[in-house]
Amino acid sequence: LTDVEERFRKRYLDLIFYQEVKKKFEVRSKTIKVIREFLEEEGFLEVETPILQPIYGGAKAKPFKTHLNALDIDLYLRISPELYLKRLLVGGFEKVYEIGRVFRNEGMDRFHNPDFTVLEFYWAYADYKDLMKFTEKMFETLLKNLFGKLEIEYEGKKINFKTPWQRIEFSQLLRKETKINLEEINLESLKKEAKKLGVEFEKGVQKAEIADEIYKKFCRPKIWQPTFIINHPAGSFPLAKQLENNPKKLANFQLVVAGWELINAFSELNDPIEQRRRFEEQEKFFKAGLEEAQRLDEDFIEALEYGMPPSAGFGLGIDRLVTLLTNSHSLREVILFPTMKPK
């Protein structure tokens, strides 16, 4: 059994023939177990939120649509559990998490599968800086449990998770790698720069999205050691708080290791008036042709009006993390039954 595609299609044979494949899934199982135990010890409560949702939200992504015959309504498979977990913060739970599948109707490559496993947690009275320290602590616990050390090898290169990890601002990184000054350039000039660099972008996108596409092509692949990319431009994440001293930047971070974006996290926006304004802006982008724009969720806005404490939110791609920890090249190697094109 040497055909890689066939091995993914008939995983049961892959597991019989290759012991190292079996080991990868044992590492995956232990990774989830250690993370779950760590969060429980830190006082987090595990919850479950709907997979079928009347309106999708919590990320920029194209959804899968379905229909519920009993009520004759359209529903969407969730792209994120975020907005439901935040409703639980409003309800008085201060530390909640969920590990589960989410679904995005997008492209497939080594970094993406249409359905994947995510850990999301929300922590009242914390901010994104608290989350960075918490992330370092979580990874330290995880790596010591799995390997007894903080250094791993990935695709022939060493990665050292010894803390503290480097922190670099998004705009500084972009300027260093592409000479683009994001704080001074306007939308039209940025579009021209992107075209010169051979970066494609969708109709209706704004500065933040174009900058992100440039970053993904020219900056992220060069980051090998664990690095927090902080303070993305306003507009990148419509659910994130802006910095108090600089509203053009967000109170957020992404963790990048070996070119993989593992975590997206930020101080959560809890002002219902500002959240409505941002959702309405996203609706305009959606109508202008940006399919990945977030939608206006009236029920979520109403929940915020009752009062959500200042809080921090965190999303980790479990499949990407396990791909890294098992020295695998693609997500399909660590998902038992990945989506495959029919023969």
Side-chain angles (χ1 to χ4, degrees), residues 44 47 49-50 53-61 78-98 120-134 169-171 182-183 204-209 211-212 228-254 263-288 290 292-315:
F44 283 83
V47 297
T49 62
Q53 302 180 348
I55 188 160
Y56 58 95
K60 289 181 180 177
R78 70 178 176 192
I79 58 173
S80 163
E82 177 166 349
L83 302 188
Y84 284 89
L85 290 170
K86 286 181 177 175
R87 285 169 170 90
L88 298 179
L89 293 181
V90 173
F93 287 115
E94 293 187 0
K95 289 182 171 183
V96 288
Y97 78 95
E98 182 169 13
E120 286 202 22
F121 72 72
Y122 292 83
W123 179 7
Y125 310 108
D127 65 15
Y128 81 109
K129 290 180 181 173
D130 298 317
L131 281 188
M132 284 192 271
K133 290 179 200 159
F134 191 81
E169 281 211 343
F170 180 91
S171 56
L182 196 56
E183 284 151 40
V205 292
Q206 300 303 299
K207 261 179 77 172
E209 285 93 0
D212 191 52
F228 290 122
I229 314 299
I230 63 171
N231 307 143
H232 283 60
S236 301
F237 307 109
L239 294 154
K241 257 187 183 167
Q242 290 154 296
L243 292 174
E244 283 184 23
N245 60 355
N246 186 352
K248 290 185 177 178
K249 294 180 182 178
L250 298 177
N252 82 301
F253 73 82
Q254 290 184 336
I263 292 168
N264 193 28
F266 38 79
S267 300
E268 299 293 340
L269 182 62
N270 60 342
D271 173 350
I273 296 167
E274 173 61 12
Q275 188 64 77
R276 176 180 288 282
R277 186 194 69 75
R278 292 195 198 175
F279 275 159
E280 286 172 350
E281 185 178 57
Q282 287 287 306
E283 282 289 333
K284 284 178 192 165
F285 299 152
F286 181 78
K287 283 167 185 164
L290 183 60
E292 293 187 358
Q294 298 205 30
R295 309 305 308 276
L296 176 60
D297 187 332
E298 289 286 358
D299 184 72
F300 175 66
I301 297 283
E302 185 180 347
L304 287 186
E305 286 169 351
Y306 282 97
M308 187 178 91
S311 51
F314 172 108

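When reading the values below, keep in mind they use all heavy atoms of this one structure, side chains included, and skip hydrogens, waters and symmetry mates.
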Non-hydrogen atoms of [X] and [Y] that approach each other most closely:
{"X": "Ala124", "Y": "Pro309", "answer": "CB-CG, 3.8 Å"}
{"X": "Met308", "Y": "Ser311", "answer": "CE-OG, 3.5 Å"}
{"X": "Leu182", "Y": "Ala211", "answer": "CD1-CB, 3.7 Å"}
{"X": "Glu268", "Y": "Ala312", "answer": "CG-C, 4.0 Å"}
{"X": "Ala303", "Y": "Arg87", "answer": "CB-CG, 4.1 Å"}
{"X": "Glu305", "Y": "Pro272", "answer": "CG-CB, 3.7 Å"}

Point-to-point distance, once rounded to the nearest 0.5 Å, from [atom1] of [X] to [atom2] of [Y]:
{"X": "Phe300", "Y": "Lys86", "atom1": "CZ", "atom2": "NZ", "value": "4.5 Å"}
{"X": "Asn252", "Y": "Asp127", "atom1": "CG", "atom2": "CG", "value": "12.0 Å"}
{"X": "Glu283", "Y": "Arg276", "atom1": "CD", "atom2": "CZ", "value": "11.0 Å"}
{"X": "Met132", "Y": "Phe314", "atom1": "CE", "atom2": "CZ", "value": "12.5 Å"}
{"X": "Gln254", "Y": "Phe170", "atom1": "CD", "atom2": "CZ", "value": "8.0 Å"}
{"X": "Glu183", "Y": "Asn246", "atom1": "CD", "atom2": "CG", "value": "7.0 Å"}

Side-chain donor/acceptor pairs under 3.5 Å, residues 89-97, sequence neighbours excluded:
residue	atom	partner	partner atom	Å
Lys95	NZ	Glu42	O	2.8
Tyr97	OH	Glu40	OE2	2.7
Tyr97	OH	Glu46	OE1	3.3

- [ ] In sequence, state the C-alpha distance, the side-chain angles, and the governing distance for Trp123 and Leu131, and then conclude on side-chain contact (heavy atoms from CB on, under 4.5 Å).
- [x] CA-CA 9 Å; Trp123 179 7; Leu131 281 188; 3.8 Å; yes
Open item on the list: Check the orientation of Phe134 and Phe44. Use parallel for under 30°, tilted for 30 to 60°, and perpendicular for over 60°.
Closed with: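 Tilted: the ring planes of Phe134 and Phe44 meet at 30° to 60°.
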TODO: For Lys60, check side chain to side chain donor-acceptor pair (under 3.5 Å) against everything at least two apart and list the hits.
DONE: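 So Lys60 forms a side chain to side chain donor-acceptor pair (under 3.5 Å) with Glu209.
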Task: Contacts of type side chain to side chain donor-acceptor pair (under 3.5 Å), residue Tyr84, not counting sequence neighbours - done: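 Expected list: none.
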Table please: side-chain donor-acceptor pairs of residues 236-245 below 3.5 Å, with sequence neighbours left out.
residue	atom	partner	partner atom	Å
Ser236	OG	Pro233	O	2.7
Gln242	OE1	Arg278	NH2	3.2
Gln242	NE2	Pro247	O	2.7

Open item on the list: Could you check whether any side-chain heavy atom of Leu250 comes within less than 4.5 Å of a side-chain heavy atom of Phe266, counting everything from C-beta outward?
Closed with: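 A side-chain contact is absent here, since even the closest heavy-atom pair is not under 4.5 Å.
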Open item on the list: Is the shortest side-chain heavy-atom distance between Lys284 and Glu280 below 4.5 Å?
Closed with: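 Heavy-atom side-chain distance check fails, nothing below 4.5 Å.
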TODO: Please name the residue in the list Asp299, Asp297, Leu296 that meets the side-chain contact (heavy atoms from CB on, under 4.5 Å) test with Ile55.
DONE: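 The single option meeting the side-chain contact (heavy atoms from CB on, under 4.5 Å) with Ile55 is Asp297.
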Task: Residue list, side-chain contact (heavy atoms from CB on, under 4.5 Å) with Lys133, at least two apart or on another chain - done: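 Here no residue qualifies.
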TODO: Would you check, one step at a time, whether the test side-chain contact (heavy atoms from CB on, under 4.5 Å) holds for Phe285 with Gln294?
DONE: CA-CA 9 Å; Phe285 299 152; Gln294 298 205 30; over 6 Å; no
- [ ] Applying salt bridge (charged side-chain N to carboxylate O under 4.0 Å, His left out), name anything that partners Glu98, two or more places apart in sequence or on another chain.
- [x]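 With neighbours one apart ignored, the set is Arg78.
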